[in-house]
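Here's the structure we're looking at; comments come further down.
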Amino acid sequence: MEKHLVLTALLTCLVLPAASAGMADGFARYATAGSLKPFARDFGGILGSGLYATGRSLGFSGFDVGMRVTGQFSPSGGNTIAKNSGQNFMYLPWVQAEIGMPFRLDGFVRMSNWEGITVSGGGLRWGITKVNDRPYALQAMLVGAGHTAVNRSFSATHFSGNLVVSMKTPWTTPYIGAGLDHTRLMVMEATANPELVGADITTNDYRATVGLHTKIARFGYLNAAFNFMHGEPGMEAAAGLRF
């Protein structure tokens with residue numbers, strides 16, 4: 001039964017994004033000078049989500065691989081690119097792999113290729129606290145990550161810094177996190193407003209996360225979290241295997 005739950009969650013991470021149109025579908029048609037910064041802000045918040053699920057480091061030679069979905073429930077007020085495209089939900093699915101290294105360091109890589117957007121990224125985590133699996137022990141971690149994204153109409157670079165704290169209980173592990181997203185967006189195609197081609201937009205915004213990490217069977221896990229990104233609600237979910 002537990003194995004079936006893990007498989008169901010993995011399939012959900014794959015299928016859920018298919019319920020929405022691609023967030024960049026209408027970029028070239030609807031991009032305006034006023035909509036670029038809100039679009040970059042929303043995109044950066046999604047890129048910065050789903051980087052962690054506990055404050056515990058993997059430990060030397062530990063390994064984690066899973067499927068993730070990060071998203072924002074609706075475009076922010078000025079993001080007319082997504083709104084005019086009929087975009088109600090903004091999602092990206094991810095494959096993420098992590099490995100534990102000495103000195104409480106974890107390295108990770110992640111990739112997404114969805115609806116014309118290709119993203120690759122990765123980063124490091126450092127455990128502020130020593131690994132402690134006793135119930136109710138607090139674990140804290142710093143997380144740094146970077147991404148590059150390419151679409152026929154734009155490219156983007158993203159960097160984030162994060163702090164996460166978690167506390168293991170006999171049933172689940174709740175976690176909270178806070179982060180900053182730095183996003184740079186460069187316009188490569190704008191059919192409605194050709195003068196925007198070459199525009200370079202930078203945003204810096206905050207992100208907060210509250211979630212649960214639940215172990216399933218011996219190695220499986222499920223994560224679910226609520227995100228608050230630059231004033232907009234969002235979510236993240238994950239399922240995978242952790243050794």
Side-chain angles (χ1 to χ4, degrees), residues 12-51 67-96 110-122 145-160 179-207 226-237:
T12 300
C13 286
L14 286 169
V15 172
L16 181 60
S20 65
M23 71 176 75
D25 282 355
F27 189 95
R29 295 192 304 274
Y30 301 118
T32 63
S35 64
L36 293 179
K37 185 161 282 192
F39 180 88
R41 185 177 294 119
D42 291 348
F43 190 48
I46 293 171
L47 293 179
S49 300
L51 294 172
M67 291 296 305
R68 300 172 185 238
V69 175
T70 61
Q72 187 171 304
F73 293 138
S74 61
S76 57
N79 186 357
T80 54
I81 295 171
K83 289 185 176 182
N84 290 340
S85 302
Q87 180 74 58
N88 296 317
F89 299 94
M90 302 178 68
Y91 287 102
L92 276 179
W94 300 89
V95 176
Q96 184 161 317
R110 59 197 328 228
M111 284 196 64
S112 179
N113 188 356
W114 185 253
E115 296 290 348
I117 303 175
T118 300
V119 188
S120 60
H147 300 87
T148 60
V150 178
N151 174 265
R152 64 176 294 173
S153 300
F154 67 88
S155 64
T157 55
H158 168 269
F159 298 97
S160 73
L180 295 174
D181 294 310
H182 172 86
T183 309
R184 181 183 180 188
L185 180 79
M186 290 143 281
V187 180
M188 297 189 295
E189 181 185 38
T191 53
N193 295 282
E195 69 278 6
L196 294 178
V197 174
D200 190 329
I201 305 297
T202 300
T203 64
N204 294 284
D205 292 285
Y206 68 90
R207 177 174 28 80
F226 174 82
N227 289 329
F228 195 64
M229 305 176 288
H230 51 270
E232 299 292 336
M235 53 72 66
E236 59 187 61

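Just so it is clear, the model here is predicted, and its values are computed rather than measured. Residue indices begin at 1 and follow the sequence shown.
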* With Pro233 via side-chain contact (heavy atoms from CB on, under 4.5 Å) - residues at least two apart -> Phe73, Phe226

* **Full working for side-chain contact (heavy atoms from CB on, under 4.5 Å) between Met67 and Val95** => CA-CA 5 Å; Met67 291 296 305; Val95 176; 3.4 Å; yes

* Rounded distance (nearest 0.5 Å) linking atom NE2 of His158 with atom OG1 of Thr148 -> 12.0 Å

* **Rounded distance (nearest 0.5 Å) linking atom CZ of Phe43 with atom CZ of Phe27** => 10.0 Å

* Set of side-chain hydrogen bond (donor to acceptor under 3.5 Å, both in side chains) partners for Thr183, sequence neighbours left out -> none

* Say whether, by atom type as modelled, one donor and one acceptor occur between the side chain of Arg207 and the main chain of Gly48 under 3.5 angstrom. => yes

* **Contacts of His230 that satisfy ring pair (Phe, Tyr, Trp, His ring centres under 6.0 Å) - sequence neighbours left out** => none

* To do: Could you tell me whether the side chain of Tyr91 and the main chain of Ile46 form a donor-acceptor pair under 3.5 Å?
  => no

* Which residues satisfy the side-chain contact (heavy atoms from CB on, under 4.5 Å) test with Asn204, sequence neighbours excluded? -> His182, Thr202

* Structure fact -> Applying salt bridge (charged side-chain N to carboxylate O under 4.0 Å, His left out) to Arg29 and not counting sequence neighbours gives none

* To do: With sequence neighbours left out, write down each residue that passes side-chain contact (heavy atoms from CB on, under 4.5 Å) with Asn151, or none if nothing qualifies.
  => Ala24, Ile117, Ser153, Phe154

* Does Ser155 have any side-chain hydrogen bond (donor to acceptor under 3.5 Å, both in side chains) partners at least two apart in sequence or in another chain, and if so, which? -> none

* Considering residues at least two apart in sequence or located in another chain, which fulfil the side-chain contact (heavy atoms from CB on, under 4.5 Å) criterion with Ala192? -> none

* **Heavy-atom side-chain proximity of Leu92 to Leu47 below 4.5 angstrom** => yes

* To do: Return each pair, listed once, that meets salt bridge (Lys or Arg N to Asp or Glu O under 4.0 Å) where at least one residue sits in residues 34-48; pairs must be two or more places apart or across chains.
  => Arg41-Asp205

* Sequence neighbours excluded, which residues qualify as side-chain hydrogen bond (donor to acceptor under 3.5 Å, both in side chains) partners of Ser112? -> none

* **Sidechain-backbone polar pair: Ser85 side chain, Ile81 backbone, donor-acceptor under 3.5 Å** => yes

* To do: Considering non-hydrogen atoms only, spot the tightest contact between Ala145 and Leu51 and give its length.
  => CB-CD1, 3.8 Å

* Verdict with supporting geometry, Met229 and Asp181, side-chain contact (heavy atoms from CB on, under 4.5 Å) -> CA-CA 9 Å; Met229 305 176 288; Asp181 294 310; 5.8 Å; no

* Do side-chain atoms of Lys83 reach the backbone of Gly77 as a donor and acceptor pair under 3.5 angstrom? -> yes

* Structure fact -> OG (Ser35) and CG (Asn79) are apart, to the nearest 0.5 Å, by 7.0 Å

* For Asn193, what residues pass the side-chain hydrogen bond (donor to acceptor under 3.5 Å, both in side chains) criterion, not counting sequence neighbours? -> none

* Given side chains that start at C-beta, do those of His147 and Thr157 come closer than 4.5 Å, heavy atoms only? -> no

* Asked: About how many Å separate OG1 of Thr203 and CZ of Arg184, when rounded to the nearest 0.5 Å?
  -> 12.0 Å

* **Inter-residue atom distance Arg110.CZ - Thr70.OG1, 0.5 Å rounding** => 6.0 Å

* Straight-line distance of Glu115 CD to Asp25 CG, nearest 0.5 Å -> 5.5 Å

* Heavy-atom pair of closest approach, residues Leu196 and Ala33 -> CD1-N, 3.9 Å

* Taking only residues at least two apart or on different chains, which pairs with a member in residues 185-198 satisfy salt bridge (Lys or Arg N to Asp or Glu O under 4.0 Å)? -> Arg152-Glu189

* Of the non-hydrogen atoms in Arg68 and Gly50, which two are nearest, and what is the gap between them? -> NH1-O, 2.8 Å

